[in-house]
Q: 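Take a look at this one; I'll ask things after.
Just so it is clear, the model here is predicted, and its values are computed rather than measured. Order of the sequence lines fixes the chain letters, A, B, ..., with proteins taken first and strands second; residue numbering starts at 1 for each chain.
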Amino acid sequence: MSRRSARGSDRYPRIYRVVRRIPRGRVATYGQVAELAGLPGCARQVGYALHALDDAVDDVPWQRVVNARGEISRRAVAGIEPIQQQLLEAEGIAFDARGRLDLTLFQWRPRVRKRNPEMRV
DNA sequence: TCCCTGACTGGTT
DNA sequence: AAACCAGCCAGGG
């Protein structure tokens, strides 16, 4: 381990905690997860964290995270994308012929947990 | 320890 | 609509 490696991986638990909050039948984007985890601008790291998941051990609904265009992101390892799509379809999410889902319909919109519930602009 | 590669994104061209 | 580009940062060679 290099000098201070312990610090960096604090992020993974934060990221997993957010992903676990995504309800069934809803999706979140990588950037959205990063922001909710307090890591704005670190969308790429969210992908990296999910890549590091061990499905045999972790109970993180990774399939509910898609890219900002409403598509399932391409993996280095083939064969996973169709599985992710099937899992989402099983939750009631619809994909168009081009393999995209409508974020305006299925994107998770968590309530803000603050005193002032909402002050719309 | 340097260098490169990613389950990404928003702004430009 | 598509290609490019600069940030982002953890791992592995």
Side-chain angles (χ1 to χ4, degrees):
Chain A
M1 0 222 109
S2 35
R3 299 191 267 161
R4 53 206 145 114
S5 56
R7 184 75 75 88
S9 42
D10 286 8
R11 299 171 167 235
Y12 287 18
R14 295 166 72 86
I15 290 170
Y16 298 150
R17 194 139 42 237
V18 172
V19 176
R20 268 191 277 255
R21 288 177 54 205
I22 306 172
R24 210 184 136 74
R26 296 265 148 194
V27 298
T29 66
Y30 293 92
Q32 181 185 4
V33 171
E35 193 158 328
L36 290 170
L39 307 167
C42 299
R44 204 166 182 178
Q45 277 55 58
V46 171
Y48 203 86
L50 296 183
H51 179 67
L53 275 177
D54 180 350
D55 297 328
V57 176
D58 304 298
D59 62 325
V60 178
W62 55 270
Q63 74 272 20
R64 297 178 192 148
V65 183
V66 299
N67 68 33
R69 293 179 302 185
E71 303 171 320
I72 289 171
S73 292
R74 305 294 293 272
R75 311 291 202 279
V77 178
I80 300 171
E81 300 94 325
I83 294 174
Q84 182 172 5
Q85 181 168 339
Q86 285 167 31
L87 287 171
L88 291 178
E89 288 177 330
E91 298 187 1
I93 292 176
F95 286 81
D96 64 21
R98 212 172 137 260
R100 271 172 49 164
L101 58 84
D102 188 344
L103 284 176
T104 67
L105 249 58
F106 302 110
Q107 181 167 25
W108 175 46
R109 294 189 187 71
R111 299 188 183 181
V112 185
R113 305 139 141 277
K114 295 262 178 171
R115 292 276 192 72
N116 281 341
E118 85 287 338
M119 293 194 340
R120 290 320 181 83
V121 240

Q: Take atom CZ of A:R74 as the centre, draw a 6.0 Å sphere, and report whether it contains more than 12 heavy atoms from other residues, nucleotides or ligands.
A: no
Q: In this structure, would A:L103 and A:L87 fall into the same cluster of hydrophobic residues linked by side-chain contacts under 4.5 Å?
A: no
Q: Rounding to a whole Å, what distance do you find between A:R11:CZ and C:dC8:P?
A: 10 Å
Q: Any stems for DNA chain C, made of 3 or more Watson-Crick or G-U pairs in a row, each with both distances under 3.5 Å?
A: B:2-6 with C:9-13, B:8-13 with C:2-7
Q: Which of residues 42-50 of chain A have a heavy atom under 4.0 Å from DNA chain C?
A: A:C42, A:R44, A:Q45, A:Y48
Q: What residues form a side-chain contact (heavy atoms from CB on, under 4.5 Å) with A:I80, not counting sequence neighbours?
A: A:W62, A:R75, A:V77
Q: Got a sec? Which of residues 28-40 of chain A come in under 4.0 Å of DNA chain C, heavy atoms?
A: none
Q: Could you pull out the closest heavy-atom pair between A:D59 and A:P61, with the gap in Å?
A: O-CD, 3.8 Å
Q: So how far is it from A:I22 CD1 to A:R20 CZ, rounded to the nearest 0.5 Å?
A: 11.0 Å
Q: Could you measure between the two C1' atoms, the one in B:dT1 and the one in C:dG13, and give it in whole Å?
A: 12 Å
Q: Determine whether A:V66 and A:V60 fall in the same hydrophobic cluster, where Ile, Leu, Val, Met, Phe, Trp and Tyr are linked whenever their side-chain heavy atoms lie under 4.5 Å apart.
A: no
Q: Would you be so kind as to tabulate the donor-acceptor pairs closer than 3.5 Å made by side chains of residues 88-98 of chain A, with sequence neighbours excluded?
A:
residue: A:E89; atom: OE2; partner: A:Q85; partner atom: NE2; Å: 3.2
residue: A:E91; atom: OE1; partner: A:G25; partner atom: N; Å: 2.9
residue: A:E91; atom: OE1; partner: A:R64; partner atom: NE; Å: 3.1
residue: A:E91; atom: OE2; partner: A:Q63; partner atom: NE2; Å: 3.2
residue: A:E91; atom: OE2; partner: A:R64; partner atom: NE; Å: 3.2
residue: A:E91; atom: OE2; partner: A:R64; partner atom: NH2; Å: 3.0
residue: A:D96; atom: OD1; partner: A:R98; partner atom: N; Å: 2.8
residue: A:D96; atom: OD1; partner: A:G99; partner atom: N; Å: 2.9
residue: A:D96; atom: OD1; partner: A:R100; partner atom: N; Å: 2.8

Q: For A:A52, which residues count as a side-chain contact (heavy atoms from CB on, under 4.5 Å) partner, sequence neighbours excluded?
A: A:Y12, A:Y16
Q: Using side-chain contact (heavy atoms from CB on, under 4.5 Å) as the criterion, list what pairs up with A:D54, not counting sequence neighbours.
A: A:A56, A:V57, A:D58
Q: Just how far, in rounded Å, is P of C:dC9 from CG of A:D10?
A: 14 Å
Q: Expressed in angstrom and rounded to an integer, what is the separation of A:Y16 atom OH from B:dA7 atom P?
A: 14 Å
Q: Return all side-chain donor-acceptor pairs below 3.5 angstrom for residues 26-39 of chain A, not counting sequence neighbours, or 'none' if the list is empty.
A:
residue: A:R26; atom: NH1; partner: A:L105; partner atom: O; Å: 3.2
residue: A:R26; atom: NH1; partner: A:Q107; partner atom: O; Å: 3.3
residue: A:T29; atom: OG1; partner: A:Q32; partner atom: N; Å: 3.1
residue: A:Q32; atom: OE1; partner: A:T29; partner atom: N; Å: 3.2
residue: A:Q32; atom: OE1; partner: A:Q107; partner atom: NE2; Å: 2.8
residue: A:Q32; atom: NE2; partner: A:W108; partner atom: O; Å: 2.8

Q: Near DNA chain C, which residues from residues 83-102 of chain A have a heavy atom under 4.0 Å away?
A: none
Q: Please report the distance separating the P of C:dG7 from the corresponding atom of B:dA7, rounded so that it comes out in whole Å.
A: 22 Å
Q: Quick one: A:I80 CD1 to B:dG6 C1', roughly how many Å, whole number?
A: 13 Å
Q: Where along residues 62-74 of chain A does a heavy atom fall under 4.0 Å from DNA chain C?
A: none
Q: Between the protein and nucleotides 11-13 of chain B, which nitrogen or oxygen pairs come in under 3.5 angstrom?
A:
none

Q: Please enumerate all residues that pass side-chain hydrogen bond (donor to acceptor under 3.5 Å, both in side chains) together with A:R14, with sequence neighbours excluded.
A: none
